[in-house]
2 protein chains.
Amino acid sequence: MPRQVDHESRRRQIAEAVCRLADESGLEGVTLRDVAARAQVSMGAVQRCFGTKEEMLVFALTHIGERVAARVGARIAASPAQSARTALGHAATEVSLLQEEHRAEARVWLAFVAQAAVSPSLAEIVRTNYAGLQALFARLIAEATETADPERTARTLLALTDGLTTHVLIGHLTPAAALDVLDAHLNDLWGPAAA
Amino acid sequence: MPRQVDHESRRRQIAEAVCRLADESGLEGVTLRDVAARAQVSMGAVQRCFGTKEEMLVFALTHIGERVAARVGARIAASPAQSARTALGHAATEVSLLQEEHRAEARVWLAFVAQAAVSPSLAEIVRTNYAGLQALFARLIAEATETADPERTARTLLALTDGLTTHVLIGHLTPAAALDVLDAHLNDLWGPAAA
DNA sequence: TCCGTTCCGATGCATCTGCATCACTTCGTC
DNA sequence: GACGAAGTGATGCAGATGCATCGGAACGGA
């Protein structure tokens with residue numbers, strides 16, 4: 001058993017490079033050569049880690065999805081004592097990737113989502129991520145409000161956060177405006193339901 | 001002044017081909033050759049109509065934006081007698097491109113939006129479209145509800161429709177579920193505001 | 001120490017891409 | 001009717017892209 005290399009960490013390293021490139025010039029700016037260069041690795045190494053380009057993209061997308069999910073989870077776990085209202089607010093804010101330092105992640109996610117519309121293998125991963133987030137939202141909503149249909153409310157919130165993210169990326173909304181919209185929506189969720 | 005050709009109609013014809021291709025294989029499946037073939041035109045003709053590929057994409061995007069806007073306008077104008085509530089519902093539904101026959105348009109739009117995140121010239125067109133739709137929504141909302149902040153409500157509705165469209169395209173939501181969400185949201189808009 | 005397996009990086013190759021070029025057709029004008 | 005500008009479409013070209021290949025380096029076991 002000669003020279004063993006940590007494949008997993010290398011794959012992550014390459015996935016990071018994919019994300020950086022996709023952030024800068026979209027998903028079509030992601031070529032094997034550029035990825036290799038950005039990851040400080042030879043093209044051969046990239047080809048060893050991933051048999052094909054699509055395989056690489058799938059891994060990168062999964063990688064990002066996990067990162068976002070992890071951050072949302074951490075944000076919720078970080079302050080378990082607070083009300084479910086603020087927990088939900090934090091979660092939704094995190095999903096929206098509104099903060100400047102996560103804008104890149106959002107751009108990459110958007111690029112992948114668009115590609116997923118014509119690529120079943122990517123679409124499946126995206127769906128899985130959305131399903132997870134929606135379930136999380138639904139749980140928080142159910143235990144924090146008397147909403148009749150938590151699932152529908154969760155679907156609404158998820159779609160809203162997604163749309164807001166997109167609109168911020170495009171420059172149609174400022175991050176502040178998006179936060180304002182999100183906050184108002186959450187307030188409406190509590191206000192009328194309690195009344 | 002020899003042989004004059006109707007440039008505008010040819011440009012539209014090419015834009016249609018761009019959309020069909022983008023619908024099938026994403027925006028990166030749009031090459032000059034394929035566009036020419038799909039539009040039943042020689043590559044030279046395409047190059048004459050549009051000096052560069054980006055120019056062509058910009059035109060196609062504008063074309064789609066206008067089509068959607070026109071359809072929304074027509075939908076509203078078609079039944080002016082009804083309540084603003086249903087008018088708004090129709091407009092939002094139309095914007096969401098939920099109907100099967102407009103799914104292609106939605107896919108193309110999503111592809112362009114993702115590209116716009118890294119292309120200023122496309123982003124500008126997308127922004128213009130969103131601004132127009134938001135203004136329309138805001139107007140309808142203002143004259144139909146007693147909402148305190150019509151602009152914010154419009155922003156919310158627009159982001160929601162956009163998110164729903166995306167989620168339907170990805171397959172995370174069925175069109176019926178998206179319609180359900182949209183309808184419930186509109187109801188909430190009237191219910192609590194009136195109370 | 002030496003061998004063999006595993007991995008690496010460079011190079012090759014067929015294909016495709018956007019754009020430029022150029023001979024040719026078409027048609028209004030003189 | 002001929003001239004010539006406007007428009008057309010085939011072809012050329014340089015560069016990029018994904019993938020395959022191959023000689024050799026690196027490293028664990030005997």
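Residue numbers start from 1 in every chain, and the chains themselves are labelled A, B, ... in the order their sequence lines are given, proteins ahead of strands. Note that the structure is a prediction, hence the values are computed from the model and not measured. The figures that follow rest on heavy atoms only: side chains count, while hydrogens, waters and symmetry mates do not.
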[N] [atom2] sits how many Å from [X] [atom1], rounded?
X       : N      : atom1 : atom2 : answer
A:Leu57 : D:dG18 : CG    : C1'   : 12 Å
A:Glu54 : D:dC19 : CD    : C1'   : 15 Å
B:Leu32 : C:dT15 : CG    : C1'   : 16 Å
A:Arg10 : C:dT6  : CZ    : P     : 17 Å
B:Gln47 : C:dA20 : CD    : C1'   : 8 Å
A:Asp34 : D:dT17 : CG    : C1'   : 10 Å
B:Met43 : C:dG18 : CE    : P     : 8 Å
A:Ile14 : D:dG18 : CD1   : P     : 14 Å

Looking only at D:dG9, C:dG9, D:dC19, the nucleotide nearest the A:Ala45 side chain is C:dG9
Which nucleotide in the list D:dA20, C:dC19, D:dA10 gets nearest to the side chain of B:Lys53? C:dC19
So, the side chain of A:Thr147 versus the backbone of A:Pro150: is there a donor-acceptor pair under 3.5 Å, distance only? no
Would you check if there is a donor-acceptor pair between the side chains of A:Gln115 and B:Glu28 at a distance under 3.5 Å? yes
Taking everything shown except B:Glu54 itself, do over 12 heavy atoms lie less than 6.0 Å from its CD? no
So for atom CD, which belongs to B:Glu124, do other residues, nucleotides or ligands contribute more than 12 heavy atoms lying within a distance under 6.0 Å? no
Would you mind checking if A:Glu66 and A:Arg12 are paired as a salt bridge, meaning a charged N to carboxylate O distance below 4.0 Å? no
Just to confirm, is there a sub-4.0 Å distance from OP1 or OP2 of [N] to any side-chain nitrogen or oxygen of [X]?
X       : N      : result
A:Arg48 : C:dC8  : yes
B:Arg33 : D:dA10 : no
A:Thr52 : D:dC19 : yes

Select from B:Val41 and A:Glu28 the residue whose nearest nucleotide in DNA chain D is closer to the 5' end of that strand. B:Val41
Answer with base, sugar-phosphate or nothing: what part of the nucleic acid does A:Val30 contact at a heavy-atom distance below 4.0 Å? sugar-phosphate
